[in-house]
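Remember, it's a predicted structure, so these values are computed and weren't measured experimentally. Only this structure's heavy atoms are used, side chains among them; waters, hydrogens and symmetry mates stay out.
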Amino acid sequence: MKGRNLGDQGLVVSELGLGCMGMSEFYGTTDEAESIATIHRAIELGVTFLDTADMYGPFTNERLVGEAIAGRRDLVTLATKFGNERREDGSWIGVNGKPEYVRSACDASLERLGVDHIDLYYQHRIDPEVPVEETVGAMKELVEAGKVRYLGLSEAAPETIRRANSEHPISALQSEYSLFTRDVEEEILPTLRELGIGFVAYSPLGRGFLTGRWRSIDDMPENDTRAGRFPRFEEENFRKNLELADRVREIADEKGATPGQLALAWLLHQGDDIVPIPGTKRRERLEENAAAANITLTNEDLRRIEEAIPRDSVAGDRYYEEQMRAVNR
């Protein structure tokens with residue numbers, strides 16, 4: 001697995017990362033032993049950029065990742081996030097970017113992860129009630145204290161990114177990006193490239209659509225919350241989006257790849273400043289995803305893929321209205 005630079009501050013990560021959220025919440029039944037084995041296998045394969053957040057679980061995902069990397073800390077680049085505040089019972093409090101919360105959230109994450117520093121610390125969502133300069137100012141203090149090495153934002157608007165970067169250099173922005181979600185190509189990516197900030201793509205497989213494994217909503221895992229949380233999983237939208245995923249499958253078959261591998265390879269070809277973090281909780285899927293780094297796409301391949309899924313062809317927004325208000329702030 002090759003490395004890629006995230007920003008121009010010196011942060012180097014594996015060209016594919018591992019999203020750990022589903023190991024603890026949201027995407028069906030969890031298996032802690034298999035999840036830990038998956039993280040260990042990721043490290044063996046060179047997928048050493050691990051992504052978690054305090055809200056996943058809540059809190060349990062950081063503990064799981066911490067257990068998995070015990071004795072392996074020097075082998076991984078560890079990213080976590082704060083800002084989506086939840087209670088222990090899972091209920092939601094809201095978005096919090098207050099400086100005092102930044103400090104307490106970081107200390108709590110360090111304790112759960114069992115580490116003395118976080119490599120990349122993100123503001124998970126922008127708090128509209130707190131100037132981003134104040135939030136990043138508190139994050140800067142964490143860097144100066146040695147608790148955090150690099151700073152990131154998630155789902156921030158171009159002007160917010162500029163303001164944050166003026167307070168302290170931002171190394172990475174994490175937002176949704178895939179063949180199904182290409183909004184960032186318009187203003188976000190050009191802004192990042194102007195400022196020397198890397199991009200981390202979450203949900204690079206369209207929340208699972210681009211794996212090509214589903215034929216109906218009934219095929220989804222038990223206790224999976226996607227159908228109730230995302231408009232693209234509403235029945236009519238689901239059927240339309242499956243048709244798009246099938247077009248990806250056709251091209252993947254010709255390349256001797258899986259649809260998911262083709263989708264990840266497409267993202268890797270969008271720029272060497274882009275790092276996808278596909279999530280999985282099973283070793284089998286991890287190994288499949290990691291192999292995408294070995295797929296070379298020609299200009300003709302890229303043309304055919306984009307022709308198969310034109311921009312804005314996906315049915316349904318990526319979030320419902322309330323959640324959409326929390327992104328691109």
Side-chain angles (χ1 to χ4, degrees), residues 6-7 9 11-14 17-26 32 35-36 38-39 42-43 47-70 72-86 88 90 93 95-99 101-127 135-136 138-143 145-156 164 168 170-176 198-203 275-281:
L6 280 179
Q9 302 301 306
L11 177 58
V12 180
V13 303
S14 55
L18 174 62
C20 299
M21 179 190 76
M23 296 176 177
S24 300
E25 194 176 19
F26 300 125
E32 183 172 315
S35 293
I36 290 174
T38 299
I39 293 173
I43 295 170
V47 179
T48 55
F49 182 35
L50 305 181
D51 183 89
T52 182
D54 57 6
M55 66 154 280
Y56 301 157
F59 314 121
T60 55
N61 196 244
E62 285 186 328
R63 295 187 185 105
L64 183 149
V65 171
E67 182 179 347
I69 66 172
R72 297 171 168 84
R73 176 64 181 97
D74 293 343
L75 302 177
V76 302
T77 305
L78 186 60
T80 192
K81 316 176 197 73
F82 73 92
N84 280 326
E85 192 176 5
R86 297 176 73 183
E88 286 283 352
I93 299 173
V95 176
N96 193 340
K98 295 176 181 177
Y101 179 71
V102 175
R103 301 181 191 105
S104 63
C106 180
D107 287 343
S109 288
L110 288 169
E111 183 176 355
R112 285 189 292 267
L113 290 162
V115 298
D116 62 5
H117 72 276
I118 296 162
D119 295 305
L120 176 58
Y121 199 40
Y122 294 101
Q123 183 178 8
H124 206 163
R125 290 291 185 272
I126 302 300
D127 186 343
T135 305
V136 175
M139 296 167 72
K140 176 182 177 180
E141 293 175 7
L142 299 175
V143 175
K147 296 179 179 182
V148 170
R149 292 194 171 168
Y150 301 94
L151 302 185
L153 304 174
S154 181
E155 295 284 9
H168 185 278
I170 300 298
S171 291
L173 176 81
Q174 181 177 143
S175 289
E176 187 171 354
F199 186 87
V200 176
Y202 79 78
S203 295
V275 177
I277 52 168
T280 186
K281 49 193 173 184

(message) Taking the side chain as everything from C-beta on, heavy atoms only, tell me whether Leu18 gets closer than 4.5 Å to Thr280.
(response) yes
(request) Say whether, by atom type as modelled, one donor and one acceptor occur between the side chain of Thr135 and the main chain of Gly97 under 3.5 angstrom. (result) yes
(request) Would you please name every residue forming a side-chain contact (heavy atoms from CB on, under 4.5 Å) with Arg86, sequence neighbours left out? (result) Glu25, Phe26, Met55, Pro58, Trp92
(request) Might you point out which heavy atoms bring Ile39 and Cys20 nearest each other, and give the distance in Å? (result) CD1-SG, 4.3 Å
(message) So does Thr52 get a backbone contact from the side chain of Lys81, meaning a donor-acceptor N/O pair under 3.5 Å?
(response) yes
(message) Restricting to ring pair (Phe, Tyr, Trp, His ring centres under 6.0 Å), what partner residues turn up for Phe82, sequence neighbours left out?
(response) Tyr121
(request) Could you pull out the closest heavy-atom pair between Lys281 and Gly22, with the gap in Å? (result) CD-O, 3.4 Å
(request) Check step by step if side-chain contact (heavy atoms from CB on, under 4.5 Å) holds for Asn61 and Thr80. (result) CA-CA 10 Å; Asn61 196 244; Thr80 192; over 6 Å; no
(request) Side-chain contact test, heavy atoms from C-beta onward, threshold under 4.5 Å: evaluate it for Val148 versus Met139 and give yes or no. (result) no
(request) Using the side-chain contact (heavy atoms from CB on, under 4.5 Å) rule, take Ile126 and Val95 through it: C-alpha gap first, then chi angles, then the decisive distance, then the call. (result) CA-CA 7 Å; Ile126 302 300; Val95 176; over 6 Å; no
(request) Would you please name every residue forming a side-chain contact (heavy atoms from CB on, under 4.5 Å) with Glu111, sequence neighbours left out? (result) none
(message) Ignoring hydrogens, what is the shortest heavy-atom contact between Pro278 and Gly17? Give both atom names and the distance.
(response) CD-O, 3.5 Å
(request) Taking all heavy atoms of Leu173 and all of Ala156, pick out the closest pair and write down the distance. (result) CD1-N, 3.8 Å
(request) State, with a plain yes or no, whether a side-chain heavy atom of His117 is found less than 4.5 Å away from one of Arg73. (result) yes
(request) List the steps, then state whether side-chain contact (heavy atoms from CB on, under 4.5 Å) holds for Glu32 with Leu64. (result) CA-CA 7 Å; Glu32 183 172 315; Leu64 183 149; 3.8 Å; yes
(request) Working to the nearest 0.5 Å, report the span between CD1 of Ile277 and CG of Leu50. (result) 10.0 Å
(message) With heavy-atom distances below 4.5 Å as the criterion, would you say the side chains of Leu120 and Phe49 are in contact?
(response) yes
(message) Between Thr48 and Val13, is the side-chain contact (heavy atoms from CB on, under 4.5 Å) condition met? List the steps.
(response) CA-CA 7 Å; Thr48 55; Val13 303; over 6 Å; no
(request) Could you tell me which non-hydrogen atom of Tyr122 sits nearest to which non-hydrogen atom of Ala79, and how far apart they are? (result) CE1-CB, 3.8 Å
(message) As a quick check of understanding, evaluate side chain to side chain donor-acceptor pair (under 3.5 Å) for Glu62 and Ser109, giving each step before the final call.
(response) CA-CA 7 Å; Glu62 285 186 328; Ser109 288; 2.8 Å; yes
(request) May I ask you to test the Asp51-Tyr202 pair for a side-chain heavy-atom distance under 4.5 Å? (result) no
(message) For Gln174, is there any backbone N or O sitting under 3.5 Å from a side-chain donor or acceptor partner on Ser154?
(response) yes
(request) Only counting residues at least two apart or in another chain, list the ones meeting side-chain contact (heavy atoms from CB on, under 4.5 Å) with Arg63. (result) Phe59, Thr60, Glu88, Arg112
(request) Please name all residues satisfying side-chain contact (heavy atoms from CB on, under 4.5 Å) with His168, sequence neighbours left out, ordered by chain then number. (result) Val136, Lys140, Val143, Leu151
(message) Arg72: which residues meet the salt bridge (charged side-chain N to carboxylate O under 4.0 Å, His left out) condition with it, sequence neighbours left out?
(response) none
(message) Testing the basics here: between Val12 and Thr77, what is the closest heavy-atom pair and its distance to 0.1 Å?
(response) O-OG1, 3.9 Å
(request) Evaluate the side-chain proximity of Arg149 to Gln9: yes if any heavy-atom separation is below 4.5 Å, no if none is. (result) no
